[in-house]
Number of protein chains: 2
Amino acid sequence: MKLEKAAAQLEALGNPTRLQLYRILVRAGDGGLAVGSVQGKLDIPSSTLSHHLKRLVDTGLVTQERQATTLICRANYPGMNALIGYLADECCADAACAPAVGKALA
Amino acid sequence: MKLEKAAAQLEALGNPTRLQLYRILVRAGDGGLAVGSVQGKLDIPSSTLSHHLKRLVDTGLVTQERQATTLICRANYPGMNALIGYLADECCADAACAPAVGKALA
DNA sequence: ACCAAATTTCGAAAAATATGGAAATAGCGT
DNA sequence: ACGCTATTTCCATATTTTTCGAAATTTGGT
């Protein structure tokens, strides 16, 4: 994981609307959710939603798959884990300490 | 953890300079690092560094403690864990699946 | 009280982000 | 081909963020 990519993903999640959107997809699990279904839950204009969704897809946090006219969106769990790992993986590398999370994930 | 707080923390980490800065502190461990030491590693103007640092402190990701004229900065590990937990904790809540990370941290 | 070092605040300009209405596009059923 | 629904792109605007020089502030030593 490169710093730039991690930062882009964190920034993508760092907007309340997008974070809410992402969490909806995380909750939805492997089945995913159609863009329209997400819109129903968020109650924001479709163009705004599309922008936010694009950001999550572009940064690799969400994947999309067409099913007829609807687009199914899914949280990219491996991507999420890589990001979390990145945050923790060098925990205390320069000092001895009880790792908070990092090694537990290794 | 409230959505707004999590988003603010993620946004704080979502800037390459701040992420780098945060990781430097994460690596430093409990001993922390003086602002000046961090500046030496990042090579950015002190005023810019101060702004970024303030953002991390304001969002609760970093703590500071005075030691004479220098300010020691430390990554707030429990804070980091809370944030990571927030990202994962409702993983697949609406669907059965093998949790990627969430339950492993519980 | 004064000086030096460390860090923050002020102020200001350039760039990026967030938002949403309106128009365009994509895919399917008929 | 047409119409319908789902979704994106275009465009514009308001707001926020990023950046950093210069000035101010804080703290401790003498």
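Here is how names work: the chains are called A, B, and so on, in the same order as the sequence lines, proteins then strands, and each is numbered from 1. Here the structure is a predicted model, which means the values were calculated and not measured.
- Every residue two or more places apart in sequence or in another chain that forms a side-chain contact (heavy atoms from CB on, under 4.5 Å) with B:A7 is listed here: A:P16, A:L19.
- Axis orientation changes by 30° from one end of the helix from C:dA1-D:dT30 to C:dT30-D:dA1 to the other, with each end axis drawn from 5 pairs and the value rounded to 10°.
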Each nucleotide of nucleotides 12-17 of chain D classed B (base within 4.0 Å of a protein heavy atom), S (only sugar-phosphate) or -, in 5' to 3' order, makes -----S
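- Qualifying salt bridge (Lys or Arg N to Asp or Glu O under 4.0 Å) partners for A:K5, counting only residues two or more places apart in sequence or in other chains: none.
- When atom types are taken as modelled, the side chain of B:Y22 and the backbone of A:L87 share no donor-acceptor pair closer than 3.5 angstrom.
- A straight line from CG of B:L42 to P of D:dT19 spans 11 Å, rounded to a whole angstrom.
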Scan nucleotides 22-29 of chain D nucleotide by nucleotide, 5' to 3', and note B when protein non-hydrogen atoms come under 4.0 Å of the base, S if they reach only the sugar-phosphate, - if neither. B----BS-
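- Within 4.0 Å of A:H51, counting heavy atoms only, lies at least one base atom of the nucleic acid.
- Looking at residues two or more places apart in sequence or on another chain, you find no side-chain contact (heavy atoms from CB on, under 4.5 Å) involving B:T69.
- When the side-chain contact (heavy atoms from CB on, under 4.5 Å) test is applied to B:Q67, the partners found at least two apart in sequence or on another chain are B:E65, B:T70, B:I72.
- Along DNA chain C, the stretch of nucleotides lying under 4.0 Å from any heavy atom of chain B spans, 5' to 3', C:dA6 to C:dG11.
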Derivation of the side-chain contact (heavy atoms from CB on, under 4.5 Å) call for A:V62 and A:L21: CA-CA 10 Å; A:V62 166; A:L21 160 51; over 6 Å; no
Could you give the side-chain donor-acceptor pairs of residues 47-57 of chain B under 3.5 Å, partners two or more places apart or in another chain?
{"unit_1": "B:H52", "atom_1": "ND1", "unit_2": "B:R18", "atom_2": "NH1", "d": "3.1"}
{"unit_1": "B:K54", "atom_1": "NZ", "unit_2": "B:D58", "atom_2": "OD2", "d": "2.8"}
{"unit_1": "B:R55", "atom_1": "NH2", "unit_2": "B:E11", "atom_2": "OE1", "d": "3.3"}

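- Remark: the backbone N or O of A:I44 is paired with a side-chain donor or acceptor of A:Q39 at under 3.5 angstrom.
- Rounded to whole Å, the distance from CG on A:D58 to C1' on D:dT8 is 13 Å.
- Minimum heavy-atom separation, B:T59 to B:Q9: O-NE2, 2.8 Å.
- Listed by chain and residue number, A:R74, A:N76 satisfy the side-chain contact (heavy atoms from CB on, under 4.5 Å) test with A:T63 (two or more places apart in sequence, or in another chain).
- Interatomic distance, B:L71 CG to B:L33 CG, rounded to the nearest 0.5 Å: 12.0 Å.
- Annotation: side chain of B:C73 is in contact with side chain of B:L25 (closest heavy-atom distance under 4.5 Å).
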From CA spacing to verdict: side-chain contact (heavy atoms from CB on, under 4.5 Å), A:Y86, B:R23: CA-CA 9 Å; A:Y86 184 80; B:R23 279 166 62 81; 3.1 Å; yes
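- Rounded to whole angstrom, the span from the CG atom of B:L49 across to the P atom of D:dT18 amounts to 14 Å.
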